[in-house]
Number of protein chains: 4
Amino acid sequence: MKGAVVILEMPTKRLELLYAAARAFAEQGFDSANINEIASQAGLGKGTVYLYFANKKALYLGVIEYTVTSFNNLADHIMALPVSNWEKIEQVVHTFLTLDEEFIPFLTLWARHQFHHATEFQEDMAQIFSRLRQPLCEIVAAGVEQGEFHTEYPETMGYVILSLLAMLVPELQVPYGMPTIPRDQRSTLALDVIRKILGVNLEP
Amino acid sequence: MKGAVVILEMPTKRLELLYAAARAFAEQGFDSANINEIASQAGLGKGTVYLYFANKKALYLGVIEYTVTSFNNLADHIMALPVSNWEKIEQVVHTFLTLDEEFIPFLTLWARHQFHHATEFQEDMAQIFSRLRQPLCEIVAAGVEQGEFHTEYPETMGYVILSLLAMLVPELQVPYGMPTIPRDQRSTLALDVIRKILGVNLEP
Amino acid sequence: MKGAVVILEMPTKRLELLYAAARAFAEQGFDSANINEIASQAGLGKGTVYLYFANKKALYLGVIEYTVTSFNNLADHIMALPVSNWEKIEQVVHTFLTLDEEFIPFLTLWARHQFHHATEFQEDMAQIFSRLRQPLCEIVAAGVEQGEFHTEYPETMGYVILSLLAMLVPELQVPYGMPTIPRDQRSTLALDVIRKILGVNLEP
Amino acid sequence: MKGAVVILEMPTKRLELLYAAARAFAEQGFDSANINEIASQAGLGKGTVYLYFANKKALYLGVIEYTVTSFNNLADHIMALPVSNWEKIEQVVHTFLTLDEEFIPFLTLWARHQFHHATEFQEDMAQIFSRLRQPLCEIVAAGVEQGEFHTEYPETMGYVILSLLAMLVPELQVPYGMPTIPRDQRSTLALDVIRKILGVNLEP
DNA sequence: AATGAATGAGGCTTCATTCAT
DNA sequence: CATGAATGAAGCCTCATTCAT
C-alpha cells in the first residue's frame with residue numbers, strides 16, 4: 001500500500017479507501033464504479049465512506065488529488081538531484097516505467113485526464129491539475145536554455161515525451177492497438193526517441 | 001452533416017442520431033449521456049431512437065462503428081495515392097489536423113479508446129477496432145523497408161506519431177495542460193518531429 | 001375460420017382480427033399481447049387495427065362479445081331441439097368437448113372470465129357476460145321441475161357441470177396438475193358424473 | 001397477518017411485502033400491478049422491494065412459493081389426522097371454505113394457475129406447483145383402495161372436488177355468473193355433491 | 001381503407017445518499 | 001467512528017396510439 005510515492009500522512013482507512021477507489025474508477029469509470037464495492041474492497045461498510053468523503057465526486061477528486069501529490073513528490077525528488085538535464089530525463093523515464101503495480105490505477109486516471117479529455121468535473125479537475133508539476137517540461141526548458149537540447153517548442157516537447165512514456169506502459173493501453181514492447185527494451189526505446197526529438201548528440 | 005469523411009449511405013435520421021450521440025458521448029461519456037437528450041438533439045422523440053438502435057449500447061457501438069469506417073475511408077484514400085511514403089505522411093498529418101469540426105466528437109471517442117483505456121465494452125470495442133486501418137504504421141513500415149525511414153520499431157513509431165498528432169488537436173486536450181500550438185504551425189511542428197523520429201534526411 | 005359456431009356476419013378482416021386477437025390474448029394475456037403482432041397475424045398493418053377497434057380494450061371486448069354471441073348461438077340451437085332434458089345435456093357435453101380447434105382461444109378467454117376472476121374491465125365484462133345464456137342451468141332447472149333430475153340447487157349444479165366440462169378440455173388446463181383423460185373417455189366420464197350429481201336413474 | 005396457514009418464518013418486511021404483492025397481483029394481474037404501489041401498501045419505499053426480491057418476477061414467484069408452502073402446511077396437518085378418509089374430506093372442505101380473509105389473494109392466484117391457464121412464467125410455475133400436495137387426490141385414492149369410495153378416476157375426481165370447492169368461494173368468482181350460496185350452506189352442499197360423486201353411502 | 005414512422009407516458013430498476021443504531 | 005437498511009431520484013426501454021401519406 002505504501003509505494004515509493006506515498007509520503008502523505010493520513011489515516012490508514014482513508015488511504016485504503018483511496019486505493020480501492022482508484023482501482024474501481026480506473027477499471028470502471030466514474031459512473032459505473034460502485035460505492036458499495038469500493039467500501040467493501042477497502043474493508044469498510046458502505047456508510048463509512050461518507051465519514052471520509054462528502055460524496056462520490058469528493059472521493060473521485062480525492063483520488064485525483066492524491067495522484068497529483070504523489071506525482072509531485074516524485075518530481076520534486078528528481079528535480080532536486082544534482083545531475084545533468086539529460087540524466088534527469090533518464091531518471092524520469094526510469095521512474096515512470098517502473099512504477100509500483102498498485103500505483104497503476106492512479107496512473108490510469110492521470111492519463112485519462114492528462115491526455116484525453118475525460119468528462120468528469122472539468123472545473124474541479126483543472127484546479128487540482130494546476131498543481132501538477134511537469135518535470136519533463138521543466139527539464140527540457142532548462143536543457144534548451146543551457147544548449148543541451150534543441151527544440152523550438154520546449155513545453156510541447158515535454159508533453160510529447162510524456163505521451164511517449166504513457167504509450168510504453170501496457171496497462172495504459174487498450175488490449176487491441178499498439179504492440180507491447182518488452183519491459184527491458186522500453187527505457188532504451190524511449191531514450192532513443194527522446195534523444196532524437198531533443199537533438200541530443202550521441203556520445204561526446 | 002456530410003464532412004469530408006462521410007461516405008456511408010444511410011437514412012438521414014440514423015445519421016443525425018449518430019452525430020447527436022457522438023456529441024453527447026464525447027462530452028459526457030457513456031453513462032452520463034442521456035438518450036432522451038440525444039433524441040432531442042437529433043430532432044427526434046425518445047422512442048424513435050429505438051427504431052434505429054436496439055439500445056443505448058448499440059447506439060454507442062454504432063457511433064464507434066461509424067468512426068472506424070470513416071477513418072478507414074480516409075486511410076484508403078491516402079494509401080492509394082501514387083506518392084512517396086513521406087508525402088503520404090504529409091497527407092495524413094494534413095488530413096488529421098484539418099478534420100471537419102463536426103467530426104471532432106468522433107475523433108474524441110476514437111482517441112479515448114485508441115489511447116487511454118476507456119472502460120466501455122472492451123470486447124465489442126476490440127472487434128470493431130480490429131477493422132481500423134493504421135495508415136501511419138503501414139507507411140512507416142513501407143518506408144523502413146524501402147530505406148526511406150530508419151527505426152527499429154516501425155509499428156510503435158506509427159502509434160507514437162499518431163499520439164503526437166492527437167496532442168496537436170486542442171479539442172482532444174484538456175483545458176489545462178499542454179499549451180495550444182497555433183493552427184498554422186501544427187503541421188510544421190508535427191512534420192519536424194516526425195522527420196527526427198524517422199531519421200528522414202532534410203532536403204539540401 | 002368459420003367453425004360451426006360462427007354465424008355472425010362481418011367483414012372478413014374484422015373477423016381475422018378477432019381470431020388473431022383471441023389467440024394472442026388467450027396465450028399471453030391482455031397486457032402482454034402485442035397489437036403489432038396481432039395485426040401481423042391478421043395480415044394487416046398495425047395502424048389498420050384502429051380502423052376496426054377504437055383501442056386495445058375495445059379489441060379485447062370485441063373478442064369477448066364475439067365469444068358470448070357464438071356460445072349463445074350454440075345454446076339457442078341446442079335448446080330448440082325437441083328432445084328430453086337429459087338428451088340436451090348430452091348434446092351440450094358433446095358440443096363442448098368437440099369444439100373446433102380454432103375456437104379454443106375463445107374458450108380459454110371465456111373460462112378465464114367465467115370461473116376465475118380475470119382482472120380486466122370487470123364492469124364492461126359484466127355487461128357483456130350478462131347476455132350469455134347458461135343452457136346447462138336452464139336444462140337442469142327444467143329437468144328438476146319435470147322430476148327428471150333431483151337437486152336442491154339447480155343453478156349452482158349447472159355451473160358445477162360447466163366447470164366439470166372445462167376440466168376435461170386439456171387446452172384449458174395448466175401443463176402441470178390434472179391428468180389428461182383420453183379424448184374418447186371424456187364424454188362418458190362427464191355424463192357419468194353428471195348423472196350422479198343430478199340423481200338420474202340409470203336405464204329406464 | 002398470521003392466518004392459520006402462516007407457519008413460515010421470515011422477516012416481517014418480507015412477509016408484508018408478500019401480502020401486499022399477493023393483493024395487487026390477485027386484483028390487477030402481473031403486468032398491471034405496480035411495484036411502487038405494492039411497496040407503499042407494504043409501508044415501504046419502492047427501492048426496498050429490491051432488497052427482498054431481485055425483480056418483479058421474483059416477487060411474483062415468491063408469492064406463489066409462499067402460497068404453495070402454506071397450502072402444503074394445511075394439507076400436511078389434515079393428512080396426519082387419525083381419522084377416516086371421509087372425515088379427512090370433511091376437514092379439507094371445512095378448511096377450504098373458512099380460510100382467513102387475508103389469505104384470499106393467495107387463494108385467487110392459486111386458482112388462476114391451478115385451473116385456468118394463467119400466462120405467467122409457465123416453466124417456473126410448473127416447478128413451484130410440482131411441490132403442491134393435492135390432499136383430495138390422495139384421500140380419494142386411499143378411499144377407493146379401501147372400498148370407502150367408488151370411482152374409476154380417483155385423481156380426476158380429486159380435482160373435480162377441488163374445482164367444486166373453488167366455485168363455492170365467492171371471492172374466486174366473477175361478480176356476474178354463479179349465484180352465491182349462503183356461507184352456512186356451502187359445506188353441506190359441497191359434502192352432498194362429493195358424496196354423490198364418490199358413491200359414499202348415506203348414513204342410515 | 002391501409003400503412004408504419006414517430007411519439008411519449010409509464011414502469012421497472014439501479015444506486016448514491018441518509019440516518020437510526 | 002462504523003454500519004447497512006431504507007429511500008427515491010433518475011434513466012432506459014416498451015408499446016399503445018396517432019397521423020401524414
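Here the structure is a predicted model, which means the values were calculated and not measured. Numbers restart at 1 for each chain; the letters A, B, ... are given by sequence-line order, proteins then strands.
Atom CD1 of D:I38 and atom P of E:dG11 are 12 Å apart (whole Å). In this structure, OH of B:Y52 is placed 11 Å from C1' of E:dG4, rounded to the nearest angstrom. Rounding to whole angstrom units, CZ of residue C:F25 and C1' of F:dC15 are separated by 13 Å. Taking atom CG of residue A:L51 and atom P of nucleotide F:dT3, one finds them 9 Å apart after rounding to whole Å. The CD atom of C:Q28 sits 13 Å away from the C1' atom of F:dC15 (whole-angstrom rounding).
Partners of A:T48 under the side-chain contact (heavy atoms from CB on, under 4.5 Å) rule, at least two apart in sequence or in another chain, are A:L44, A:L51, A:Y52. Under the ring pair (Phe, Tyr, Trp, His ring centres under 6.0 Å) criterion, C:F53 pairs with no residue, sequence neighbours left out. Remark: D:A24 engages D:Q28, D:A33, D:I38 in a side-chain contact (heavy atoms from CB on, under 4.5 Å) (not counting sequence neighbours). The ring pair (Phe, Tyr, Trp, His ring centres under 6.0 Å) search around B:Y176 returns A:F129, not counting sequence neighbours. B:R14 is linked by a side chain to side chain donor-acceptor pair (under 3.5 Å) to nothing, counting only residues two or more places apart in sequence or in another chain.
Among pairs with a residue in residues 27-48 of chain A, none fulfils salt bridge (Lys or Arg N to Asp or Glu O under 4.0 Å), at least two apart in sequence or across chains. Sorted by first and then second residue, the pairs that involve residues 52-62 of chain B and meet salt bridge (Lys or Arg N to Asp or Glu O under 4.0 Å), not counting sequence neighbours, are B:K57-B:D124.
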Exercise. Along nucleotides 13-21 of chain E, 5' to 3', which nucleotides get a B, which get an S, and which get a -, given that the test is a protein heavy-atom distance under 4.0 Å?
Worked result: BB-SBB---
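With a 4.5 Å cut-off on side-chain heavy atoms, B:R112 and B:E120 do not count as touching.
D:F53 comes within 4.0 angstrom of no nucleic acid atom, judged by non-hydrogen atoms across all strands.
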Problem set entry | For DNA chain F, the dot-bracket pattern of Watson-Crick and G-U pairs whose distances stay under 3.5 Å, | for other-strand partners | .||||||||||||||||||||
